[in-house]
Amino acid sequence: MKRSAKESWHYFKEKAIEVKTSSKGLRFTSTVEKEGYQYTCSITLSGPDRTIPKQLNKYKKELKHCSNGAELAVAWETIDCIEKGLGLKEA
């Protein structure tokens, strides 16, 4: 269930995920307040669309080294929103 660019844009805006282009690709940034602190997660994806799931899996593997529970939760929420926003996962 691939989303159109317009559908994805609206989904990210609704979920308060900022999407910007950078020299390295598309940067997805979310800022969430948890336990009285503000946490920001920024994920950059580049290259052909077919490589995006592999790139997200790489980020997921790197999260195994994260020891802060709140940071971990924000990162997983961001990845989940990216997958749903791009239509890689059922919203």
Side-chain angles (χ1 to χ4, degrees):
M1 185 209 128
K2 187 125 169 112
R3 290 180 186 260
S4 70
K6 188 175 182 179
E7 289 172 324
S8 292
W9 181 259
H10 287 293
Y11 182 84
F12 292 128
K13 192 172 181 180
E14 176 185 305
K15 296 295 181 181
I17 293 184
E18 182 181 2
V19 182
K20 287 186 175 181
T21 56
S22 73
S23 60
K24 294 182 181 180
L26 281 178
R27 179 174 298 206
F28 299 85
T29 306
S30 67
T31 302
V32 178
E33 190 166 319
K34 287 193 178 287
E35 303 164 5
Y37 295 96
Q38 233 180 13
Y39 296 93
T40 300
C41 178
S42 186
I43 294 175
T44 302
L45 301 174
S46 63
D49 289 352
R50 62 178 166 38
T51 67
I52 289 175
K54 188 175 183 178
Q55 292 176 59
L56 288 171
N57 284 337
K58 183 180 173 190
Y59 277 106
K60 289 176 185 177
K61 287 178 185 174
E62 289 174 8
L63 290 177
K64 292 178 183 176
H65 305 291
C66 181
S67 60
N68 184 316
E71 285 180 0
L72 194 58
V74 172
W76 278 110
E77 287 174 29
T78 304
I79 290 172
D80 188 56
C81 282
I82 292 170
E83 289 176 329
K84 289 177 181 175
L86 295 175
L88 302 172
K89 194 183 213 182
E90 196 68 34

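Since the structure is predicted, the reported quantities are computational estimates derived from the model, not experimental observations.
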Margin query: What's the separation between atom CD in Glu33 and atom OG1 in Thr40, rounded to the nearest 0.5 Å?
Written below: 11.0 Å
Notebook entry, point to check: More than 12 non-hydrogen atoms from neighbouring residues, nucleotides or ligands closer than 6.0 Å to NZ on Lys13, yes or no?
Noted result: no
Item checked: Heavy-atom pair of closest approach, residues Lys61 and His65 -> O-CD2, 4.2 Å
Next item on the list: Please check if Tyr11 and Ile17 belong to a single hydrophobic cluster, counting links between Ile, Leu, Val, Met, Phe, Trp and Tyr side chain heavy atoms closer than 4.5 Å.
Entry: yes
Item checked: Audit row: Leu86, Ile82, side-chain contact (heavy atoms from CB on, under 4.5 Å) steps and yes/no -> CA-CA 6 Å; Leu86 295 175; Ile82 292 170; 3.8 Å; yes
Margin query: To the closest 0.5 Å, what do you measure between OG1 (Thr78) and CZ (Phe28)?
Written below: 11.0 Å
Note to self: To the closest 0.5 Å, what do you measure between CG (Asn57) and CD (Glu62)?
What the structure shows: 11.5 Å
Notebook entry, point to check: In Å, rounded to the nearest 0.5 Å, how long is the span from CD of Gln55 to CZ of Arg50?
Noted result: 11.0 Å
Checklist line | Phe12 with Leu56, same ILVMFWY side-chain cluster at under 4.5 Å | finding: yes
Check: Shortest non-hydrogen contact from Tyr39 to Lys34?
Finding: CE1-O, 3.6 Å
Next item on the list: Of all the heavy-atom pairs spanning Lys89 and Asp80, show the shortest one and how long it is.
Entry: NZ-OD1, 2.6 Å
Next item on the list: Apply side chain to side chain contact (heavy atoms under 4.5 Å, CB included) to Ser4 and list each qualifying residue two or more places apart in sequence or on a separate chain.
Entry: Lys6, Glu7
Next item on the list: Give the cluster check for Leu26 versus Ile79: same hydrophobic cluster or not, with ILVMFWY residues linked at side-chain heavy-atom distances below 4.5 Å.
Entry: yes
Note to self: Can you give me the closest heavy-atom contact between Gly47 and Thr51, atom names plus distance?
What the structure shows: C-OG1, 4.1 Å
Next item on the list: Can you see which heavy atom on Ser46 is nearest to which on Gly25, and at what distance?
Entry: CB-CA, 4.0 Å
Notebook entry, point to check: Any donor-acceptor pair under 3.5 Å linking the side chain of Ser8 with the backbone of Gly85?
Noted result: yes
Check: Would a hydrophobic clustering, with Ile, Leu, Val, Met, Phe, Trp and Tyr connected at side-chain separations under 4.5 Å, put Leu63 with Leu88?
Finding: yes
Note to self: Side-chain heavy atoms nearer than 4.5 Å, only ILVMFWY residues, links allowed to pass through others: does that put Ile43 and Ile52 together?
What the structure shows: yes
Note to self: Quick one: does any side-chain atom of Tyr59 pair with a main-chain N or O of Thr44 as donor and acceptor, under 3.5 Å?
What the structure shows: yes
